[in-house]
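Beneath this line is the structure, given in structure tokens, with notes to follow.
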There are 2 protein chains.
Amino acid sequence: MGATKTDHFTDKQNAIAVLAKALGHPARIAIMEYLMKVDTCICGDIVNELPLAQPTVSQHLKELKNAGLIKGSIEGTAICYCIDEKAIEKLQVYFGVISKKLNSKKNNCC
Amino acid sequence: MGATKTDHFTDKQNAIAVLAKALGHPARIAIMEYLMKVDTCICGDIVNELPLAQPTVSQHLKELKNAGLIKGSIEGTAICYCIDEKAIEKLQVYFGVISKKLNSKKNNCC
DNA sequence: CTTATTTATCGTAATATTGCAATATATAAT
DNA sequence: ATTATATATTGCAATATTACGATAAATAAG
């Protein structure tokens, strides 16, 4: 097969998986970190920052955008990309809750 | 092509990407949540919990294990899987830091 | 030893991802 | 209008992922 069976899981599970999947590539992590570093959410010198060709970077940006992790607004001939805080917030809360639950359980069974 | 160029990125970036990638599938999110829910970190009734065949579940468990997100210990004929807290901790800290930085910046440029 | 139970591995088909050259599109500047 | 600049899209090859049936491996029970 090869196609993910998304319909069998809850919306919440799929939502987290979409975010995680988008971050599941070092280039996209690097893009997110670059967007963090640059104060002004400057655009496509991301290409100069990464060891990848322009079409490849453009594709990674598209995936981050589709997942809702970044936003982009046209700025003349350039495009201004920046992190969508809401997505990061979701991940932070998700792992925060899990982390807290694990600590309170103190499960040392394995 | 098709192969990820991991060698061009930092170890930290690759490490986060590995964790995120492993969680980038709803079945694996569901497995993690099931392991959270069950007090005793019970094993392979995960198969009964998920709408996937046993070999598929086994494969997903292997990927979670390879990524360091879960641990497994043999318990007779069964296997006891449970979450590796350290991995969750890493993710929680990572997104916590980003979230905090974003809040302090209040960047509303896009 | 044989049989059941549980989990892992192999093999394979379907599909997805990664990466880039070539090309298209869109705005800015001259 | 022409040219330069920035980004997106297309097309394609290489590789990876997803899913599962069939089968293997390993322990437990009889």
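Using a 4.5 Å cut-off on side-chain heavy atoms (C-beta onward), B:Ile31 and B:Tyr81 make no contact. With contacts defined as side-chain heavy-atom distances shorter than 4.5 Å, the pair B:Ile98/B:Lys101 does not qualify. The closest side-chain heavy-atom distance from B:Lys21 to A:Leu23 is not below 4.5 Å.
As a whole-Å value, the separation of B:Arg28 CZ from D:dA16 P is 15 Å. In this structure, B:Leu64 atom CG and D:dT18 atom C1' are separated by 14 Å, rounded to whole Å.
In this model, the phosphate group of C:dA8 is approached by a side-chain N or O of B:Tyr81 to a distance below 4.0 Å at OP1 or OP2. For the OP1/OP2 pair of D:dT15 and a distance below 4.0 Å, the side-chain nitrogens and oxygens of B:Lys5 include no atom meeting the criterion. OP1 or OP2 of D:dT17 has not a single side-chain nitrogen or oxygen of A:Lys21 nearer than 4.0 Å.
Near-neighbour residues of DNA chain D inside residues 45-62 of chain B, defined by a heavy atom below 4.0 Å, number-ordered: B:Leu52, B:Ala53, B:Pro55, B:Thr56, B:Gln59, B:His60.
For the residue pair B:Gln92 / A:Gln92, no side-chain donor-acceptor distance below 3.5 Å is found, with atom types taken as modelled.
As judged by a 4.0 angstrom heavy-atom cut-off over every strand, B:Lys65 is placed among residues making no nucleic acid contact.
Rounded to the nearest 0.5 angstrom, B:Ile88 CD1 and B:Asp84 CG are separated by 8.5 Å. Summarising the geometry, atom CG belonging to A:Leu61 is positioned 11.0 Å from atom CG belonging to A:Asn66; distances are rounded to the nearest 0.5 Å.
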Would you tabulate the pairs of protein nitrogen or oxygen atoms and nucleotide nitrogen or oxygen atoms of nucleotides 25-30 of chain C closer than 3.5 angstrom?
none

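Shortest non-hydrogen contact noted between A:Ser99 and B:Glu89 is OG-OE1, 3.3 Å.
A side-chain hydrogen bond (donor to acceptor under 3.5 Å, both in side chains) check over residues 51-62 of chain B, counting only residues at least two apart or in different chains, returns the pairs B:Arg28-B:His60.
In terms of position along DNA chain C, the nucleotide closest to A:Thr4 lies nearer the 5' end than the nucleotide closest to the other residue of the pair B:Thr4 and A:Thr4.
Taking 4.0 Å as the cut-off between side-chain N and carboxylate O, B:Lys37 and B:Glu49 count as a salt-bridged pair.
Across D:dA16, D:dT18, C:dT18, the shortest atom-to-atom separation from the side chain of B:Glu63 is found for D:dT18.
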